[in-house]
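Please read the structure below before turning to the comments.
Residue numbers start from 1 in every chain, and the chains themselves are labelled A, B, ... in the order their sequence lines are given, proteins ahead of strands.
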Amino acid sequence: MSTEAAATMEIETVPSESKPESNPLPPKPKFEPLKAHEMSDGRVQFRKVSVPPHRYSPLKKYWMDIYTPVYEQMKIDIRMNLKARKVELKTRQDTPDISNLQKCADFVQAFMLGFDVPDAIALLRLDELYVESFEIKDVKTLRGEHLSRAIGRLSGKGGKTKFAIENSTKTRIVIADTKIHLLGSFANIKIARDSLCSLILGSPAGKVYSKLRQVSARLAERF
Amino acid sequence: MIPSAMANSTETAVESLHHIKSTEPPEWLVPKQELSQAVRAASKLLFSSLKPHCPKSTFDQLLTEGFDAEQIWQQIDLQSQPLLSSLRREVKKFEKHPEEISKFKDGGVGGGEKKKVLEQIETDNVVNDDDDEDDDDMDMDEDEDDEEEEDEEGEEEEKERGTEEESENEGAEKGGIEDKFLKIKELREYLEEDEAREFGLKKKKTKAESKKEEEDTEEEGDDDEDENEGSVDDDDEAQEEEDGLGLFDGNDEEDEDDLENARYEDFFSRKKNKSSKEKAKSRDMLEEDSGSDDEQDVDKRKNGPSKHEKELDKLRSKIEEMEKANLDPKVWTMRGEVTAAQRQKNSALEVDLDFEHNVRPAPVITEEVTASLEDLIKTRISEGMFDDVQKARTSSSKAPREIKELDESKSKKGLAEVYEEEFVQKTDPASAPLTFSDELKKEASMLFKKLCLKLDALSHFHFTPKPVVEDMSIQTNVPALAMEEVAPMAVSDATMLAPEEVFSGKGDIKEEAELTKAERKRRRANKKRKFKAEAAKRMGKKARQMTTVGNNDEGREG
C-alpha cells in the first residue's frame, strides 16, 4: 500500500510538489494497502496454464480438488478454457496477496507436470517448495536400450526406488519418459537429484539406498 | 685150611684150568655141570692167587658154593677193579719212562718175582675173559674191553707197588735223581710241613674237591688236590694231569668202585703220602728245590712284622697318599668355575652335573594322568561348564541411533502433510504426531501389557517386580530447553545428546566430490571387502541350510 501510495504520489505529486513550498506542509496522507486487482493499475491479472493432452482426463477427474482450494482459500478465479485447452487464473477483488496468483499458477502447473493434487497442494501452503525438472540426456547421453534401462533403474521394481527416494528426501518425483520433475524444498531436491543422477549414471539401487540413508540421517539431525 | 688139601685143590684147579682151555668153543653154548664146576674151581684158584697183590680185598677166597654166576662175578670184580687201575697207571708210567723197566728188570730177585707175577696176571686175565663168556654172552664185548683195561691197571698197580717198595728199600738206585742238593727225605719233610701249613687254609678247598671227586674220577681229584697243595713246578702238574687224564679214558667202572670205597684216610692221610711220593719221582728236582728253599725263607720273614707295625705301615701309606693328593692340582670338578677349555674333552659327560633348569620338566604322561584328564572332561561335559570365550560387549555410551528404514512404498501422506509434520516437530515437539515407528512401539507395548496382565493373573498377582535394568534409553536429539519447558519460546544450542553421540566421526566424512583418486579407491576397496565378508557369511549359512535340506531331499529321493 505504501508503495502504491508512493507510486501514486509520484505520479500526482509532480504538480503538487510546487505547492507546499509556499504553504506549510500538509499532513501526510494515510492510504490503505492496495488490493491485488489494484496493484496493476486496477487491472486484473491473469495466468494461463496450458494443459498437455495426457493430463486432460486427470484434470477433469480432479477438477474440484483443484478448484476448491484455489477459489476458496487462495481467492483466485480459476477456469478451464476448453477450446484453448488452458486453465486460466484471475485475481479477484478480495484476493489478499498478489503472490497467491503465482502460487496457484504454480500449483496448477505442478499438476500439469504430473504431480498429485495432495502433493501439489503443498506448493500452495509452503513458500519454499520448488519444482525442478531435468532430462536424462542432461545427465548422460543414452540411447535405445540403455535409455530404457536407465528409466527402469530410476523407478525400480514397482517404483520402489522412486518411492524410497521420495520418502527419504521428502520430495516428490515424476518420471515422464525422459523428463524428470522434482517437487520439494531446495536441499531435498538437491539430494533427490543427486540420487537420481547416480542411478542414471549406472550405480545400483543398493548403493543409492546406502547413500540416501546416510544423507537422510544427517538431514534429520539438523534442524 | 690144611696145606695138603690146599695143594690138592690147587692141582685140581690147575687141571680144571687146562681142561677149560682145551674145550672147544661150541661146547660152551650148552650149559654143562662138569664145565661149570671146573670153571668155579679155576676161578677160586685165581682169586686166591691174586689176593696178596690186592691192597684192600674184602674176600679171603672166592665163594662159589651156592652162589649165582652174577654173585661170583661181582666178587671177582671187587678184587680186580683196583688192581686194574693200578696196573694201568704202572703201564702208563713205564710207557713214558722206559728206563725204569730196565731198572725193574735189573732189580734182580724182586724184578724176577715181579715178572712171574706179571705172567700170572696175564693168564688170570685171560681166564677172567673166559669166565665172562661163560656167564653172560651178551656182555661179552663190553666186558672184554673192561677186562683188558682192568688188566692194564692191574699191571700198573703191580708195577707201582714194586717201584714204591724199591724206592723205599733201595734209595741208592734212585741216586741218579738225588744229588747233594736234593734229598728226597728232606723234600718229603718239607712237603709235609707245607701241607700241614696249608691244610688249615685249604681245608675248605679240599672238601670242595671231595665233592668234585664224586663227579670226577678219583685220579683227577687227586691231581687237582696235588696242584692246590702248593706244587710249584708246572711239569709236575702236567704229568699228574696227564696221568689222571690217561687213566680217565676208560675208567668208568673203576671210578665207581673207588667212590664206593672212599674213606676219610683216602682224602686226608694217604693222599699226602701219595702226593709226596709222586713228587719224589718228578724230573726237574732242581727247580723244585730252589722253589722250596725260597718258600722256606719267605715263611720265616712273614712271621717277623707284628700287628702294630703293620698298622703303622698302613697309616703311613695313607698319610702319604693324602699329602700327595693335597699337593697335586685339584680335580676340575673341585676347582670352581671351569670352562670347557680348562678341562678334558668329554670330561663333563662322566660327571653327574647339577644345574638349575629354567624349563619346567615336561609332564610324564602316565595312565593316571590321562585318566584324571578324562574324568575332568567328563564332569565338565555333564555339567555343561565350558570355558568358552565370552564376547566382550562394548558398553554403548551413546544412544543407539534409530536406524531409519527406507520405506519403499508410496507414501500415503501428501507432501504437504509431510512438511507440516516436520514444521510442527520443529516448533512444538510435544504435540508432534507420533511417527510410524512410535506408533508401532505403542502398539507393541500395549500388547505386552495385556499379556503381562494375563500372566500375573495366573500367579494370583503375586509377583516380584522386575529389577530395574538400565538397558537402553533412547534419547531423542531434541533441545533440552524444549523438553523442559512446556512452551519453548526460544531455541537453544544445548541438545540432549553429546556431540559424540550426535556424530562420532566414523564413516565417510568427505563427500565424493572432495576425495582424491587414491582416497576414492580406498573407500571402494573397503566397501568391497565388507561386502565380500558378508557374502561369504551368507554363503556359509546357505551351505549349511543346503546340506540339511539336501540330506532330506536325498532321503526322500533315495
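Seen from the ring of A:Tyr71, A:Arg92 counts as a face-on cation partner, given the 6.0 Å and 45° thresholds. A:Phe111 carries A:Arg55 over the face of its six-membered ring, with the cationic atom under 6.0 Å from the centre and within 45° of the normal.
Of the listed residues (A:Lys162, A:Arg172, A:Glu166, A:Arg125), the one with the most heavy-atom contacts under 4.5 Å to chain B is A:Arg172. Of all the listed residues (A:Leu129, A:Ile121, A:Leu124, A:Leu123), the one sharing the greatest number of non-hydrogen pairs under 4.5 Å with chain B is A:Leu129.
Using a 4.5 Å cut-off between heavy atoms, A:Thr161 makes no contact with chain B at all. For a residue to count as touching a neighbouring chain, one of its non-hydrogen atoms must lie under 4.5 Å from one of that chain's; by this rule A:Asp119 touches chain B with backbone and side chain alike. Within the 4.5 angstrom heavy-atom criterion, atoms from both the backbone and the side chain of A:Leu183 approach chain B. Using a 4.5 Å cut-off between heavy atoms, A:Lys211 touches chain B through its side chain atoms alone. Proximity to chain B is absent for every atom of A:Asp194, based on heavy atoms less than 4.5 angstrom apart. Contacts between B:Lys527 and chain A at a heavy-atom distance below 4.5 Å are absent for every atom of the residue.
Using a 4.0 Å cut-off between charged side-chain N and carboxylate O, B:Glu374 and B:Lys378 make no salt bridge. A:Lys103 has a carboxylate O that lies under 4.0 Å from a charged side-chain N of A:Asp127, or vice versa, which qualifies the two as a salt bridge. Here B:Glu519 does not pair with B:Arg524 in a salt bridge; the nearest charged N to carboxylate O distance is not below 4.0 Å.
The OG atom of B:Ser409 lies 6.5 Å from the CG atom of A:Asn167; values are rounded to the nearest 0.5 Å.
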